[in-house]
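Okay, structure first, notes after.
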Number of protein chains: 4
Amino acid sequence: MRRTTSPQPDGTEFSGKVEKMSERAEATRRKLLEAAEEVFAELGFFRASVAEITRRANVAQGTFYIYFKAKEDIFRALVRTMSHDLRQELAMAVASITDRAEAERVGLETFLHFVTRRRNLYIIVRECEFVDPELHRWYYSRLAEGYMRGLRQAMARGQFRQLDAEAAAYALMGAFHMVGMRWALWEGRVPPREVVESVVSIVLHGLVPRPGEGDPGQPAG
Amino acid sequence: MRRTTSPQPDGTEFSGKVEKMSERAEATRRKLLEAAEEVFAELGFFRASVAEITRRANVAQGTFYIYFKAKEDIFRALVRTMSHDLRQELAMAVASITDRAEAERVGLETFLHFVTRRRNLYIIVRECEFVDPELHRWYYSRLAEGYMRGLRQAMARGQFRQLDAEAAAYALMGAFHMVGMRWALWEGRVPPREVVESVVSIVLHGLVPRPGEGDPGQPAG
Amino acid sequence: MRRTTSPQPDGTEFSGKVEKMSERAEATRRKLLEAAEEVFAELGFFRASVAEITRRANVAQGTFYIYFKAKEDIFRALVRTMSHDLRQELAMAVASITDRAEAERVGLETFLHFVTRRRNLYIIVRECEFVDPELHRWYYSRLAEGYMRGLRQAMARGQFRQLDAEAAAYALMGAFHMVGMRWALWEGRVPPREVVESVVSIVLHGLVPRPGEGDPGQPAG
Amino acid sequence: MRRTTSPQPDGTEFSGKVEKMSERAEATRRKLLEAAEEVFAELGFFRASVAEITRRANVAQGTFYIYFKAKEDIFRALVRTMSHDLRQELAMAVASITDRAEAERVGLETFLHFVTRRRNLYIIVRECEFVDPELHRWYYSRLAEGYMRGLRQAMARGQFRQLDAEAAAYALMGAFHMVGMRWALWEGRVPPREVVESVVSIVLHGLVPRPGEGDPGQPAG
DNA sequence: CATGAATGAGGCTTCATTCAT
DNA sequence: GATGAATGAAGCCTCATTCAT
């Protein structure tokens, strides 16, 4: 929806390649993307080879270059996919929630489910920093934008305190990301409920107990 | 897969190579490490070449292999250096602070100064995830350990709420990391005071205003 | 080595493909030849790709192979075209001239206009030496034959001195060719009048002044 | 001698690579150049492969790139060698000759011997037009320069008629080149005496008989 | 200790050609 | 006739690593 006006750090997307492909071509392209997602996640961008990708996609090596100009190209396509899908999923999950605190919880959960379900894509996005730094910045800036909008709204409504929205957005994204790494990537599963609760709790109420508070937190881990 | 010499959780990382080197050797080794730090940061591990490292270090290519078994080896050495130096610096900065809330602020500031000052090393540690995942895990586990110790202590003393310490540690490390990325890496400087304040404020008190609070936060960014 | 279908010394170059094509086919074939002429001239035979040719001809890649067996084939067709057209044009230009000295001037002028006008074809013929050496020899032998006929006639009539006709033919073709390269190719225009005059003058009267001659030549360049 | 001030169309030569090589390196480089000369002459630049060159030079493929940045590089080096050697040989051959007409004969003979002896190099220079057009132009401009100097001197002394020196130079170079092609390349030998005589004769005295001349030319070929 | 020449495996990419539709 | 997706063989080049000096 907002796709048209936002900056595209790459020349590839949306470039007149509007001529729609045949079914067969579409299928081949998809096979390549799927194979690449797997291979990049397993080996990393640099150790991955186009040969391995085409092998898994069951096409000849040359076929790769019909659909992508270069190895980096397919990588970028995957990052953009993740950017799009994740933001869309977050937007949908939060759409109907008016309590921003609740939205934070749902946002975190959505994120964690997303990166667990699409672990491979998540790994790819993380490596993007070292493959195409500009795209990587674009990815996070884009995510932060959306986040900041939500935060500012909540601040305006008095649901959240007045804070530097950008600082908050990056801090929260960072917290979520690291938790995603620790549990989704390292353990291959959505973090256990207590972990999510603790994180949400910190984000909403901080580490310091409120005055006159016995202790509403989690049992220590 | 190539991870034969697994990371050592202690500082004595190297195989009994206790026989101290000559001054000259020491100097050459240092030149190589410095060159590598630069080259890896600029080009990334995979695009960096041993040839480029030795060129900048002003030594012959063959010399490299006198000091390091492989390209990955020097990379790992740099990651271990950062692990050691950062943890030491954090430990020293926080050592005399008994107020844990204050310690968080100081910890964040110390971290941000460190990664700004040693930007190249920081980039290398980040890439470690894709070069030597096991070492990467070790790096963060190690950092988290120390963090968790501090958090548990604070919880025990009632300074912090009872929360899942590991969840908290990773969430906070993540927040700090992302802020480090956004400001130290992208802009090459320590984040401005307001940003740090906002982050500390969130970490300590959360996003949600305390009941009966007008608004003690930061001006919105 | 790949020279199975050797060049045909007559105009009927193609294997009994006498069955005339439909209008449409004829048009497609022509489009391909025109595109190829352009592409070969711009990129050279080896850097040119069939894909680029079909792209400019606005036909599918596969279509190419309906009309030409291989990339070399269309190249050869272009060389033969130039051979035919140039010889025909020269023949027509000289046909009615009985003074052979005059014929040399006209021949040179005709040649220079031809290669300027059909610069692309000229480039192709020059490259032929490295694409299909046998055809290249055929091309020059063919041209030389005609030239030698004219020279021998002139010698027989006493218009020209008795000289080795083949040596003369190649020397003159060479002179004309290099002038064509220097001006038609490098500068994209017919050489200025003085240049043509000088060349004709040398060809007819040589570099050395005739005895008792003040100096009938050109002003020095 | 004049090497320093003349334009170098390539960045490679004379670029600080003054650090002299070891004997071994020198030898390897020479082996590569010799192999390349052979391979390029046999197959042409484009059909030649670096693999074939290194095979004949008895070195590993990678070794090639220690000495030359790319396939084109070694090609250019060979063209420059020919440019240098030919011009030097011509200069030496003509140095002591004061009669310019005699110099023309000697020049032609020297050229024909050179291209027969160094047939492979000659083929390479010819293909240069399609490999590196700029270098090709440089090659001929350079040759023409020298030629023009000689011609102008002769004109000044009244040995030659006043003609456009550039036109003359290119016409004569062209004549010699085509003769070189016809005999040195096609037949692999220096052209027979009569051919050379005829060419020299045309160059000096032209095709047209001098008035009152029975016929001092060659017997017809 | 240091050198730097040599290695050779392997990666990315191009492209002439084929073929099912 | 025309299409355009697919093929797979090469080719150029890089680079980590070894080794004789």
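Values below: every heavy atom of this structure, side chains too, minus hydrogens, waters and symmetry copies. It should be emphasised that the depicted structure is a prediction, and the values quoted were computed from it without experimental measurement. Naming convention: chains lettered A, B, ... in sequence-line order (proteins, then strands); numbering from 1 in each chain.
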Worksheet item: Within 45° of the axis and under 6.0 Å from the centre of the six-membered ring of Tyr122(C), does NZ or CZ of Arg126(C) qualify?
Response: yes

Discussion item. Need one value for Ala48(C): base, sugar-phosphate or nothing, where a base atom within 4.0 Å counts as base even if backbone is also close, heavy atoms only.
Written reply: sugar-phosphate

Worksheet item: So, is Thr63(D) close to the dA5(E) phosphate, meaning a side-chain N or O under 4.0 Å from OP1 or OP2?
Response: no

Worksheet entry | Most 5' of Ala51(A) and Gly62(D) on DNA chain E, judged by nearest nucleotide | Gly62(D)

Practice prompt. Find the distance Ile66(B):CD1 to dT3(E):P and express it as a whole number of Å.
Written response: 8 Å

Worksheet, complete the sentence: Across every strand shown, the nucleotide meeting Watson-Crick or G-U wobble geometry with dT13(E) (both distances under 3.5 Å) is dA10(F)

Worksheet entry | OP1 or OP2 of dA5(E) under 4.0 Å from side-chain N/O of Tyr67(D) | no

Worksheet item: Would you call Glu37(B)-Arg118(B) a salt bridge at under 4.0 Å N-O?
Response: yes

Fill in: Aromatic Phe45(D) / basic Arg47(D) pairing, under 6.0 angstrom, 45° off normal
no

Item to complete: To the nearest Å, give me how far apart CZ (Phe68(D)) and P (dA5(E)) are.
Response: 14 Å

Worksheet entry | Interatomic distance, Tyr65(D) OH vs dA9(E) C1' [rounded to whole Å] | 14 Å

Worksheet item: Between dA2(F) and Arg24(C), is there an OP1 or OP2 to side-chain N/O distance shorter than 4.0 Å?
Response: yes

Worksheet item: Is Glu52(C) salt-bridged to Arg56(C), going by a charged N under 4.0 Å from an acidic O?
Response: yes

Worksheet item: In Watson-Crick or G-U wobble terms, both distances under 3.5 Å, what is the partner of dA20(F)?
Response: dT3(E)

Practice prompt. Please report, rounded to the nearest Å, how far the P atom of dT21(F) is from the CD atom of Glu23(D).
Written response: 14 Å

